[in-house]
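As the structure lists them, so they are numbered: ligands from 1, and atoms in each ligand from 1. Along the sequence shown, the residues carry numbers beginning at 1.
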Amino acid sequence: MSELDKLQASCLFEIENCDNLKKLDALKHAILGKNGKVNEIMKQLRYLDVDHKRKLGAEINSLRSVVTDKINEKFCVLEMKELDKKLTSEFVDVSMPPRSENIGKIHPLTKVEEEVASILSSYGFLFADGPDIESEYFNFTALNVPDHHPARAMHDTFYVHRLADANGRKLLRSHTSPVEIHAMLASSPPMRFFSIGRVYRSDYDATHTPMFSQIEGIMIDKNTGFAHLKWILADFLKRFFEVESLRIRFRPSFFPFTEPSAEVDVNYEIRDGKMVFGVGDKWLEICGCGTCHPNVLKYGNIDPNEYQGIAFGFGLERLTSLKYGIPDLRGYFEFDERWLNTFGFHHSAR
Ligand code: DAH
């Protein structure tokens, strides 16, 4: 066996037995590098004559190519092995239970706000808004509330005396009805608007909070009248409570901004301590409504001889409590996570 054959055999042997990439890299340098074994032999060629040089040169080149192939092949094998090792050690256990996440819940008022908005929008009502800090003029005067009306008294309304201007004292609006005036002034009939927003009254017990929310609706056209009001409220309440058999009753009432005015009741019965709507002959008051007082239309720059309007107002928390069985009104505003976990809705239930 010639020296070259021996060298080739020993190189191949070492390569074959090499078991990691780092060692293989070192081996590659030791054999094929600038000062490696192959080059060492090359250097000796200069002492030989031309014929031997040519012959030996060819043999060394063949050795170099055999060894290079073997090294490259080994690189592939070791890289694959390393990758396999990595994949096994980084194995993802898809059967592992996920880490629990603390996902928030939808506040019941948000849920009901969306339900109400969706039904009213289906009648062509557009959303209208007004400020929480109103003036006496919009909150009372333009709604035909007389100067001596008890609702104007300090007892019910939060006044902000410092901010009085031409429209009277500023106050925290005590209902959403002033939005009716803003909507009338901002557009012209025929019009259909609804609003949902916060209102404020100086009151606090299980069924009253100083801040609560109302839903307001107004529709004005040449022939709009009580029949429209009846149809809209009956349909709205059936859809809202999801009870087709729901009956409603209009009871004569008084509001300064509507004439005639009515309060609407829905029928219910107590079954197993729970209120069930649409059965039985007990009645529960649910909203105030009426046909717009001519003075209110005038304040809204609308000619009452040409146009008629209907309007209605609900308490949002009341609707929510009745539909979803939420007992104490105060819970809505205490921002207690335990309350929200009990009465809130999952995002998927939206
Ligand atoms: N604003 C009234 C309230 O706060 C509710 C109401 C009654 C609104 C009759 C209306 C209505 O639009 O027509 O008690």
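Among protein heavy atoms, the minimum distance from atom 5 (C) of ligand 1 is reached at Gly313 CA, 4.3 Å. Of the protein's non-hydrogen atoms, Phe257 CE1, 3.8 Å is the one closest to atom 6 (C) of ligand 1. In terms of protein heavy-atom proximity, atom 10 (C) of ligand 1 is nearest to Glu216 OE2, 3.4 Å.
Residue Glu180 approaches ligand 1 through these ligand atoms, each under 4.0 Å from one of its heavy atoms: 12 (O). Within ligand 1, the atoms closer than 4.0 Å to a non-hydrogen atom of Gln214 are 3 (C), 4 (O), numbered from 1 in the order shown. Ligand-side atoms of ligand 1 in range of Gly290: 13 (O), range being under 4.0 angstrom from any heavy atom. Those atoms of ligand 1 with a heavy atom of His175 less than 4.0 angstrom away are 1 (N), 4 (O). Applying the 4.0 Å criterion to heavy atoms of Thr258 picks out, from ligand 1, the atoms 13 (O). Near Ser177, meaning under 4.0 Å from one of its heavy atoms, ligand 1 places the atoms 1 (N), 8 (C). Those atoms of ligand 1 with a heavy atom of Ala311 less than 4.0 angstrom away are 12 (O), 13 (O).
Other residues, nucleotides and ligands contribute only 12 or fewer heavy atoms inside 6.0 Å of the CD1 atom of Ile133. Around the NZ atom of Lys28, the shell of radius 6.0 Å holds no more than 12 heavy atoms that belong to other residues, nucleotides or ligands.
Going from atom CG of Asp147 over to atom CZ of Arg152 covers 4.5 Å, rounded to the nearest 0.5 Å. Note that the CD atom of Glu216 and the OG atom of Ser195 stand 7.5 Å from one another [nearest 0.5 Å].
Taking the six-membered ring where the residue is Trp, Phe257 and Phe255 present parallel rings, their angle staying beneath 30° rather than reaching 60°.
In summary, the aromatic rings of Phe158 and Tyr200 are positioned with their centroids too far apart to meet the 6.0 Å limit. In this structure, the ring of Phe193 has its center no less than 6.0 angstrom from the ring center of Phe125. Separation of the Tyr123 and Trp231 ring centroids falls under the 6.0 Å cut-off.
Here Arg330 pairs with Asp328 in a salt bridge; the nearest charged N to carboxylate O distance falls below 4.0 Å. Under the 4.0 Å criterion applied to side-chain N and carboxylate O atoms, Arg239 and Glu244 are not assigned as salt-bridge partners.
Not a single N or O atom of Phe255, backbone or side chain, sits closer than 3.5 Å to an N or O atom of ligand 1. Polar contact with ligand 1: absent for Ser174 (N/O pair, distance under 3.5 Å).
With a 4.0 Å heavy-atom cut-off, ligand 1 is reached by the backbone of Cys289 but not by any atom from C-beta on. Only side-chain heavy atoms of Arg201 come within less than 4.0 Å of ligand 1; its backbone N, CA, C and O stay farther off. The part of Phe312 lying near ligand 1 is the backbone, judged by heavy-atom distances below 4.0 Å.
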